[in-house]
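Scroll down for the structure; my scribbles are underneath it.
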Amino acid sequence: MMQEIKVGIGDYAVGKGRGVISTYGLGSCVGITLYDRVTKVGGLLHALLPEASRYGGRGNPAKYVDTGLQLLLKDVLKLGASKFRLEAKLFGGAHMFENVRSEELKIGQKNVEVAKRELKRLGIRLVAEDTGGKGGRTIYLDLSTGKVRMRKVSEGKVIEKIY
């Protein structure tokens, strides 16, 4: 039986070699995976809000894309990953509420924008993404391969893809 580490909202986990790190219910939240194919070190962040500074930096830094990504990066490097070999994959950032028109409340879109900006700033390649739309997503990072299995429900259909 393969070990599965479940990551909740505003949390992250890292691992090496074996097992799966998963998170459920990515709506407007984003799930960001980092993986080093050589050392088989990876991690997953489930971030709720884009930038800590916009919300006064209150509470758990892992709930924000910018500060959570820094925590995730620090911990995968501690396990032996090389920043130069890391590959990122990005999921979520859905627009969950049809009636929300305010730019300020388009949290999913802002989460995706900040994730891309921060990955670029940190020099980490984004190699795959499945973002936007209206449905929620569940993702599973396989630590032995770096592959991410994503499940989403869209217009009543379940869609599964491997990234």
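- Residue Thr23 comes nearest to Val7 through the heavy atom pair OG1-O, 2.7 Å, listed as atom of the first residue, atom of the second, then distance.
- Note: the hydrophobic cluster containing Ile124 also contains Val112 (ILVMFWY, side chain heavy atoms under 4.5 Å, direct or indirect links).
- In this structure, the side chain of Asp36 does not engage the main chain of Arg85 through any donor-acceptor pair within 3.5 Å.
- Proximity of Arg117 to Lys120: side-chain heavy atoms (C-beta onward) are nowhere separated by under 4.5 Å.
- To the nearest 0.5 Å, atoms CD (Glu87) and OH (Tyr35) are separated by 9.5 Å.
- Between the side chain of Asp11 and the backbone N or O of Leu45, no donor-acceptor pair lies under 3.5 Å.
- Nearest approach of Gly93 to Val30, heavy atoms of both residues: N-CG1, 3.8 Å.
- Here the CG atom belonging to Leu49 is positioned 12.0 Å from the NZ atom belonging to Lys110, to the nearest 0.5 angstrom.
- Side chain of Lys89 to backbone of Tyr163: a donor-acceptor contact under 3.5 angstrom is found.
- No chain of hydrophobic side-chain contacts below 4.5 Å, direct or via other Ile, Leu, Val, Met, Phe, Trp or Tyr residues, connects Leu77 to Leu143.
- Atom CZ of Arg125 and atom CG of Leu86 lie 9.0 Å apart (nearest 0.5 Å).
- No donor-acceptor distance shorter than 3.5 angstrom exists from the side chain of Lys116 to the backbone of Leu90, with no hydrogens or angles considered.
- Taken from CG in Asn111 to OG in Ser28, the straight-line distance is 6.5 Å, to the nearest 0.5 Å.
- Listed here is the closest heavy atom pair of Leu34 and Leu141: O-CD2, 4.3 Å.
- The side-chain heavy atoms of Val158 and Arg151, taken from C-beta on, include a pair separated by under 4.5 Å.
- Of the possible donor and acceptor atoms, none in the side chain of Arg137 sits under 3.5 Å from a partner among the backbone N and O of Gly31.
- Minimum interatomic distance between Gly92 and Leu26 (heavy atoms only, all atoms of both residues): CA-CB, 4.4 Å.
- Shown here for Ile107 and Pro50, the closest heavy-atom pair between the two residues is CG2-CD, 4.3 Å.
- What you find for Thr138 and Gly25 is that their closest heavy atoms are OG1-N, 3.9 Å.
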List the atom pairs, with distances to 0.1 Å, where a side-chain N or O of residues 65-75 and a protein N or O form a donor-acceptor pair under 3.5 Å, not counting sequence neighbours.
from: Asp66; atom 1: OD1; to: Ala52; atom 2: N; distance (Å): 3.1
from: Thr67; atom 1: OG1; to: Pro61; atom 2: O; distance (Å): 2.7
from: Asp75; atom 1: OD2; to: Tyr12; atom 2: OH; distance (Å): 2.8

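- Inter-residue side-chain proximity for His95 and Lys106 is flagged as met; some heavy-atom pair is nearer than 4.5 Å.
- Figure legend: Arg149 and Tyr140 shown as a cation-pi pair, the cationic atom lying under 6.0 angstrom from the six-membered ring centre and within 45 degrees of its axis.
- Judged by distance alone, the side chains of Glu129 and Thr131 do bring a donor and an acceptor atom under 3.5 Å apart.
- Hydrophobic clustering, with ILVMFWY side chains joined whenever heavy atoms are under 4.5 angstrom apart, keeps Val41 apart from Leu44.
- By the side-chain contact (heavy atoms from CB on, under 4.5 Å) test, Lys157 pairs with no residue at all, sequence neighbours left out.
- One hydrophobic cluster, built from ILVMFWY side chains closer than 4.5 Å, holds both Leu119 and Val76.
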Task: Steps toward salt bridge (Lys or Arg N to Asp or Glu O under 4.0 Å) verdict (Glu118, Arg121) - done: CA-CA 5 Å; Glu118 290 300 301; Arg121 185 182 69 77; 2.8 Å; yes

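- Under a hydrophobic clustering in which Ile, Leu, Val, Met, Phe, Trp and Tyr are joined whenever their side-chain heavy atoms come within less than 4.5 Å, directly or via other members, Ile5 and Tyr24 fall into different clusters.
- The distance from atom CD1 of Ile162 to atom CE of Met150, rounded to the nearest 0.5 Å, is 9.0 Å.
- With hydrogens and angles ignored, the 3.5 Å screen pairs a side-chain donor or acceptor of Lys40 with a backbone N or O of Ser144.
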